[in-house]
2 protein chains.
Amino acid sequence: MTYCLAITMDAGLVFASDSRTNAGADQVSTYSKMHTFEVEEDRVFVLLAAGNLATTQAVLARLKRDIEDSAEESLHTVRGMSDAAEYLGRVNREEQEKHGEALTKAGFRADASFIIGGQFAGQEPEIYLVYPQGNFITASSHTRFLQIGESKYGKPILDRIISPEGSLGDAARCALVSIDSTMRSNVTVGPPIEVIVYERDSLTFEHYLCLEADDDYLTDLKRSWDDNIKAAFRDLPRFDWEAARGRKRRGTEVTVNRRSTRKPSKKTG
Amino acid sequence: MTYCLAITMDAGLVFASDSRTNAGADQVSTYSKMHTFEVEEDRVFVLLAAGNLATTQAVLARLKRDIEDSAEESLHTVRGMSDAAEYLGRVNREEQEKHGEALTKAGFRADASFIIGGQFAGQEPEIYLVYPQGNFITASSHTRFLQIGESKYGKPILDRIISPEGSLGDAARCALVSIDSTMRSNVTVGPPIEVIVYERDSLTFEHYLCLEADDDYLTDLKRSWDDNIKAAFRDLPRFDWEAARGRKRRGTEVTVNRRSTRKPSKKTG
């Protein structure tokens with residue numbers, strides 16, 4: 001499995017990905033799912049990949065070859081991020097078709113999804129999610145992040161924290177927390193975690209992190225988050241019946257629950 | 001969709017469920033998914049249901065009729081919680097078979113899952129998850145909660161908070177936070193939220209809550225949690241490059257990140 005996400009903020013873009021792949025529980029490997037393409041002063045792309053590893057590798061190889069061969073359409077020729085997403089979608093579909101039928105017969109899937117984002121000189125920074133079928137969506141002023149792979153465990157924290165005017169550091173931290181929560185709940189998502197923080201209009205990648213499981217910052221962040229979450233939880237309002245039973249365990253706690261408990265009304269038997 | 005969960009603590013059991021059902025986006029209804037069965041001083045059951053609504057209603061009706069008809073096997077005759085899970089699994093499978101073929105032909109599924117839990121006099125409190133195929137699992141000393149339906153969004157907070165020696169109030173609060181997070185991320189999970197807190201060896205249901213969307217306690221809890229989470233997030237360690245750029249925005253923040261940033265190494269193009 002995989003978990004990758006991209007966040008668009010007023011100040012720029014954040015990309016993050018885990019690095020675990022698995023084909024069954026006994027074939028677990030580590031592959032980077034984050035790839036960058038850069039034409040100095042002109043355009044920068046970050047690509048995040050999820051799905052069938054053979055497909056994502058084939059797509060990556062095609063993108064590089066199209067550049068090397070100076071093909072009619074490549075990441076060097078497309079004129080904007082939505083053109084790049086369209087091109088990526090076509091390549092993705094074509095690569096899936098090569099082995100798709102044989103894979104389906106064998107009970108496997110060739111599907112791959114991508115996030116592509118970055119900026120062209122003179123244009124806005126953008127992120128796009130490219131589906132296995134080749135179609136694609138972008139973020140919006142209300143939907144500030146896109147996810148591929150095992151996206152559910154890490155979504156609630158993004159829903160709560162991400163707001164467009166936050167700092168890129170906040171967005172990158174939130175992405176790390178989101179991936180950490182996913183790693184705790186699903187063993188097929190694992191380190192190292194890669195993060196790129198792209199500052200609007202910089203047209204270069206200044207901040208890149210590759211955090212191994214024992215990385216100092218990641219360890220600090222995880223410990224702090226775990227402590228802080230537990231403290232946040234301890235400070236929640238108590239139920240009436242807890243106060244009534246003398247279960248107040250902290251001097252500062254206030255029971256604000258005004259609801260009285262009652263027995264279930266639909267009891268039978 | 002649905003989200004139900006049960007938690008087993010040293011002090012007893014907690015059950016919680018949302019109340020939204022949908023068949024397509026234009027057929028959204030409110031149904032309780034929590035049902036109780038009680039034989040005074042002898043046994044108590046809580047049933048949580050997810051999946052095809054017709055199946056879960058048919059299963060519930062069968063359980064009640066088997067009791068009324070004094071059938072050979074019913075929740076009144078089973079001798080322990082695992083027998084109850086076995087019986088429920090059989091009824092579930094039988095009810096699915098009635099319409100399963102027709103449903104499959106029409107592109108629908110008859111599947112239903114259940115959580116059944118409670119206590120028999122003289123036995124331990126227990127919770128079981130019954131799959132659509134009729135097989136079932138129980139919790140363990142390391143796996144303290146069981147979930148059915150839309151379980152992923154709400155799992156990380158359970159993974160972090162639930163420990164066996166916590167109070168039943170903590171477990172009930174954590175269940176509410178877990179359901180609230182799920183409701184934020186998936187519109188097919190919705191209020192009212194029902195909660196039963198069962199105290200070990202009480203053989204009765206003392207604490208039952210049915211929290212509508214505008215319930216005072218739920219509103220307080222959600223607001224507190226949102227505030228606390230944001231505070232917890234603000235207190236996380238900063239990246240080196242944030243401090244370096246003078247982005248420290250709070251007097252109490254300390255940058256503990258010792259990692260230096262570097263450029264992506266696998267840049268191409």
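The sequence lines fix the lettering, A, B, ..., with proteins before strands; numbering per chain opens at 1.
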Undergrad: Could you tell me which portion of A:L221 (side chain, backbone, both or neither) has an atom closer than 4.5 angstrom to a non-hydrogen atom of chain B?
TA: both
Undergrad: A:L176 versus chain B, heavy atoms under 4.5 Å apart: side chain, backbone, both or neither?
TA: side chain
Undergrad: What part of A:V197 gets within 4.5 angstrom of chain B, counting heavy atoms only: side chain, backbone, both, or neither?
TA: side chain
Undergrad: Which residues in residues 147-160 of chain A have a heavy atom less than 4.5 Å from any heavy atom of chain B?
TA: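 Checking residues 147-160 of chain A against chain B gives A:E150, A:K152, A:Y153, A:K155, A:P156, A:I157, A:D159, A:R160.
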Undergrad: Contact part of B:I161 toward chain A, heavy-atom cut-off under 4.5 Å: side chain, backbone, both or neither?
TA: side chain
Undergrad: Between A:F233 and B:W225, how do the two ring planes meet: parallel, tilted or perpendicular, split at 30° and 60°?
TA: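 It falls in the perpendicular class, over 60°.
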Undergrad: List the steps and the verdict of side-chain contact (heavy atoms from CB on, under 4.5 Å) for B:F239 and A:R173.
TA: CA-CA 8 Å; B:F239 297 103; A:R173 253 184 305 284; 3.6 Å; yes
Undergrad: Between B:N228 and A:N228, does a side-chain contact (heavy atoms from CB on, under 4.5 Å) hold up when you go through it step by step?
TA: CA-CA 9 Å; B:N228 294 0; A:N228 293 1; over 6 Å; no
Undergrad: If you compare all heavy atoms of B:S167 against all heavy atoms of A:E242, which two are closest, and at what distance to 0.1 Å?
TA: OG-OE2, 3.9 Å
Undergrad: Are the side chain of A:Y217 and the backbone N or O of B:D240 linked by a donor-acceptor pair below 3.5 Å?
TA: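 Looks like no, no N/O pair under 3.5 Å.
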Undergrad: Please report the shortest heavy-atom distance between A:S224 and B:L236, naming the atom on each side.
TA: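 Result for this residue pair: CB-CD2, 3.7 Å.
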